[in-house]
Number of protein chains: 2
Amino acid sequence: MGSGATGAAARRAALTPGARRVLDAAAELFYERGINAVGVDLIAQRAQVTKKTLYDRFGSKEALVAAYLRERDERWRRWLPARLDEAARAGGPDPEAVAIARVLATFDALEVWTCRENPRGCGFVNAAAELPDLTHPGRVVIAEQKRWFRDYLRELCRATSASDPDDLADELALLHEGAMVLGGLDAVAEPVPLARRLAVRALTQRGLPAA
Amino acid sequence: MGSGATGAAARRAALTPGARRVLDAAAELFYERGINAVGVDLIAQRAQVTKKTLYDRFGSKEALVAAYLRERDERWRRWLPARLDEAARAGGPDPEAVAIARVLATFDALEVWTCRENPRGCGFVNAAAELPDLTHPGRVVIAEQKRWFRDYLRELCRATSASDPDDLADELALLHEGAMVLGGLDAVAEPVPLARRLAVRALTQRGLPAA
DNA sequence: GCGGAGGTAAACCGATCGGTTTACCTGACT
DNA sequence: AGTCAGGTAAACCGATCGGTTTACCTCCGC
């Protein structure tokens, strides 16, 4: 753990070309068809790799599932803040206004993200449905992801002058989850804007001037 | 469709004792472990029935999955309105107040329901995660369930003097889904009260006196 | 020039998958 | 007395599951 690249980037770069293809194929298949419905043989075939290579790199299907979820989580953690920084730069000089803009920008980001990556609903919620065992390594990643997002929302809310920002963060988390689920079931036409309007209301209720 | 019992009750009563046990066992196992993780052999064993009986009564696993979801849907459709009628009777003589009480009572009902039947999140959302094929008979039942609940919420909202009641109903649906998902992941301590508070805000925003 | 990492190809393992078949038994209704 | 629905018990089917093994090949760095 000395000098040079560390953490997520290092782990990603450390992947063998074959392993990279395996993980990509697994990600696509697990999300689109469900984890238990996809066998390792199919993954190996899609990745143009033998099963031996798959097991040499990942050890087990369980571990591959965890790797899939971990990478999905990392992508989200890298992408979301970048997106919010963009929105913040576009805002005015007023720090309070910027903080509020960042909170609401999470919904604009969600809109883009769900279109691109979540047509079948939240990958973590779907995975949790298939992994009832709480000790499964994938379940641990899911718990970490939900925890991270909650804490991130708290940060954003605390940056505003909202009363009870932690409570506000929980409300926003609920709105995000609801929008993703409804989007996956297409039970409602435009769930994200719906959630955003509810979020605006939650902000104004707390005395914030939400444009 | 002449005299005597009809519809759901008839379908339920029509079940053979063996078939009844199969459906009960399947419901428990499908919900707790996931649909694809449960084999027909295990279901038959739990129901103390041979596989032949299972296939004689249900024809296929697909059909059994659909029957499981259909019964879950029927239970919910029977239970929820009964619950709301209770809440309405407890309300005062003012019809507007009663209508509002019924809307909010959906969240009190949800609280009870999730404790009793949904510790692992919404059974329909979980099932949808495992059934990517939109033509699967189970998927059809899921679509019907979401549709029914949406329409039911619209009814409730239209009974109030809320402006744009259909839109309000969509918001409430989103809050319900969000609360169920968060409850299943226990990412938040008390998701249902959280959703209920957001619902109250949605009502007051529309000029309704939500107690 | 040699060893080890990364890989292919393919056979193999026991277990389980969804589903079928044959033979026999039981109790209720006609 | 006879029929038939609802069942048990158990063998059987081909396919697939997650996972392992053996043998061989290739390229890169020391």
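The figures that follow rest on heavy atoms only: side chains count, while hydrogens, waters and symmetry mates do not. Letters go in sequence order (proteins before strands), and every chain restarts at 1.
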Original post:
Considering heavy-atom distances to DNA chain D, does G39(A) or Q48(B) have its closest nucleotide positioned more toward the 5' end?
Top reply: Q48(B)
Original post:
Starting at CZ of F58(B) and ending at C1' of dT20(C), how long is that distance when rounded to a whole Å?
Top reply: 18 Å
**OP:** Would you please classify the geometry between the F30(A) ring and the Y68(A) ring as parallel, tilted or perpendicular, with 30° and 60° separating the classes?
**Re:** tilted
Original post:
Hey, does the side chain of S60(A) come within less than 4.0 Å of dG18(D)'s phosphate (OP1/OP2), counting only N and O?
Top reply: no
Subject >> Pair D167(B) + R206(B), salt bridge at N-O below 4.0 Å >> reply: yes
Original post:
How close or far is atom P of dT22(D) from atom CG of D56(A), stated in whole angstroms?
Top reply: 14 Å
**OP:** Return the minimal non-hydrogen interatomic distance between R72(A) and E117(A), and the atom names on each side.
**Re:** NH2-O, 3.6 Å
Subject >> Whole angstrom value for the distance that separates P of dC12(C) from NZ of K51(A) >> reply: 14 Å
**OP:** Let me see the working for E190(B) and R196(B) under salt bridge (charged side-chain N to carboxylate O under 4.0 Å, His left out), right down to the final yes or no.
**Re:** CA-CA 10 Å; E190(B) 300 268 19; R196(B) 196 197 141 102; over 6 Å; no
Subject >> Passing option when H176(A) is tested against F124(A), F149(A), W113(A) for ring-ring contact (aromatic ring centres under 6.0 Å, His included) >> reply: F149(A)
**OP:** Kindly point out which of dG18(C), dG7(C), dT8(D) is positioned nearest to the side chain of T16(A)?
**Re:** dG7(C)
Original post:
What is the distance from CG of L15(B) to P of dG6(D), rounded to the nearest Å?
Top reply: 11 Å
Original post:
Does T50(B) have a side-chain nitrogen or oxygen under 4.0 Å from the phosphate oxygens OP1 or OP2 of dA10(D)?
Top reply: no
Original post:
Among the nucleotides dC17(D), dT8(D), dG19(C), which one has an atom lying closest to any side-chain atom of R21(B)?
Top reply: dT8(D)
**OP:** Take atom CD1 of I43(A) and atom P of dG18(D), then tell me their distance rounded to the nearest Å.
**Re:** 8 Å
Original post:
5'-most contact on DNA chain D: L42(A) or G59(A), nearest heavy atom basis?
Top reply: L42(A)
Subject >> Nucleotide of dC17(C), dG18(D), dG6(C) approaching Y55(A) most closely (side-chain heavy atoms) >> reply: dG18(D)
**OP:** Would you please confirm or rule out a distance under 4.0 Å between OP1 or OP2 of dG7(C) and any side-chain N or O of R57(A)?
**Re:** yes
Original post:
What's the closest nucleotide to the K52(B) side chain, out of dT8(C), dG19(D), dT21(C)?
Top reply: dT21(C)
Original post:
Rounded to the Å, how far apart are Q45(B) CD and dC17(C) C1'?
Top reply: 15 Å
**OP:** Could you state the atom-to-atom distance from CG of L54(A) to P of dC17(D) in whole Å?
**Re:** 13 Å
Subject >> Value in whole Å for how far the C1' atom of dG18(C) lies from NZ of K61(B) >> reply: 8 Å
